Engineer: 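Please find one structure pasted underneath; my questions will follow.
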Amino acid sequence: MQNKNVNNMDLIKLIKTIEPEYYNRDFCINSLPNEVTLILDTEQYLIEVSLKNEILETNFYQGEEIYKASDDEIDYIYNYLEQLLTDKIEETKQYYNEQNYNYQIWS
């Protein structure tokens with residue numbers, strides 16, 4: 001497989017369509033997510049990105065050709081994933097706080 005910059009892939013638009021998955025593999029009770037992953041695997045594209053501990057991992061293919069993302073695309077993806085993870089952490093904290101509040105009311 002060759003390393004090419006395939007120009008007709010709108011990576012940012014594709015990234016925005018992928019449903020994020022959140023993880024915390026530290027096996028803590030009531031843990032907050034510390035990783036966000038996006039995966040799109042079709043005949044036309046393979047996009048795998050993850051952000052964990054401020055480390056962005058990427059894998060982009062268009063067909064069988066490696067897609068070399070630009071610095072601007074990488075910066076956008078990093079910031080996008082960082083914001084998704086921040087939002088999910090806040091959502092999870094709110095959920096835990098509500099659960100704790102409800103537990104106190106019923107106790």
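No experiment lies behind these values; they were computed from the predicted model shown. In this chain, numbering begins with 1 at the start of the sequence shown.
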Engineer: Under the criterion side-chain contact (heavy atoms from CB on, under 4.5 Å), I'd like the reasoning laid out for Tyr96 against Leu32: C-alpha separation, chi angles, the key distance, then a yes or no.
Structural biologist: CA-CA 10 Å; Tyr96 288 148; Leu32 296 173; 4.2 Å; yes
Engineer: Rounded to the nearest 0.5 Å, how far does CD of Glu82 lie from OG1 of Thr86?
Structural biologist: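 Taking OG1 in Thr86 and CD in Glu82, the distance rounds to 5.5 Å.
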Engineer: Rounded at 0.5 Å granularity, tell me how far CD in Glu48 sits from CG in Leu40.
Structural biologist: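 With rounding to 0.5 Å, CD (Glu48) is 10.0 Å from CG (Leu40).
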Engineer: Determine, step by step, whether Leu84 and Lys88 satisfy the side-chain contact (heavy atoms from CB on, under 4.5 Å) criterion, reporting the C-alpha distance in whole Å, the side-chain angles of both residues, the deciding distance to 0.1 Å, and the verdict.
Structural biologist: CA-CA 6 Å; Leu84 285 174; Lys88 189 63 168 184; over 6 Å; no
Engineer: Return the NZ to CD distance between Lys52 and Glu57, rounded to the nearest 0.5 Å.
Structural biologist: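 Spacing of NZ (Lys52) from CD (Glu57) equals 9.5 Å.
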Engineer: Search all heavy atoms of Asn34 against all heavy atoms of Asn24 and return the closest pair with its distance.
Structural biologist: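 So the two residues come closest at OD1-CA, 3.4 Å.
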Engineer: Supply the atom-to-atom distance Thr58 OG1 to Lys68 NZ, rounded to the nearest 0.5 angstrom.
Structural biologist: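 The OG1 atom of Thr58 sits 9.5 Å away from the NZ atom of Lys68.
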Engineer: Check Thr92 against Ser31 and note the closest heavy-atom contact, atom names and distance.
Structural biologist: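 That closest heavy-atom pairing would be CG2-O, 4.2 Å.
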Engineer: Return the CG to OH distance between Asp10 and Tyr45, rounded to the nearest 0.5 Å.
Structural biologist: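 Going from the CG atom of Asp10 to the OH atom of Tyr45 covers 8.5 Å.
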Engineer: Show which side-chain atoms of residues 12-22 pair as donor or acceptor with protein atoms under 3.5 Å away, not counting sequence neighbours.
Structural biologist:
from	atom 1	to	atom 2	distance (Å)
Thr17	OG1	Leu14	O	2.7
Glu21	OE1	Tyr23	OH	2.4

Engineer: What pair of heavy atoms forms the shortest contact from Pro33 to Leu85, and how long is it?
Structural biologist: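 Taking Pro33 first and Leu85 second, the nearest heavy atoms are O-CD1, 3.9 Å.
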Engineer: Under the ring-ring contact (aromatic ring centres under 6.0 Å, His included) rule, collect the residues that match up with Phe60, sequence neighbours excluded.
Structural biologist: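 None.
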Engineer: Looking only at side-chain N and O atoms, does Glu98 offer a donor or acceptor that is under 3.5 Å from a partner on Gln94?
Structural biologist: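 There is such a pair between these side chains.
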Engineer: Can you list everything that forms a ring-ring contact (aromatic ring centres under 6.0 Å, His included) with Tyr78? Sequence neighbours excluded, please.
Structural biologist: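 Tyr78 satisfies ring-ring contact (aromatic ring centres under 6.0 Å, His included) with no residue once adjacent residues are dropped.
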Engineer: When you measure from the side chain of Glu73 to the backbone of Ser70, do you find a donor-acceptor pair of N or O atoms at a distance under 3.5 Å?
Structural biologist: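 Side chain of Glu73 to backbone of Ser70, a donor-acceptor pair under 3.5 Å: yes, one is there.
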Engineer: To the nearest 0.5 angstrom, please state how far the OH atom of Tyr76 sits from the CG atom of Leu81.
Structural biologist: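 Those atoms lie 9.5 Å apart.
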Engineer: When Leu56 is tested against each of Ile77, Asp75, Asn79 for side-chain contact (heavy atoms from CB on, under 4.5 Å), which residue passes?
Structural biologist: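 Of all the options given, the one that passes is Ile77.
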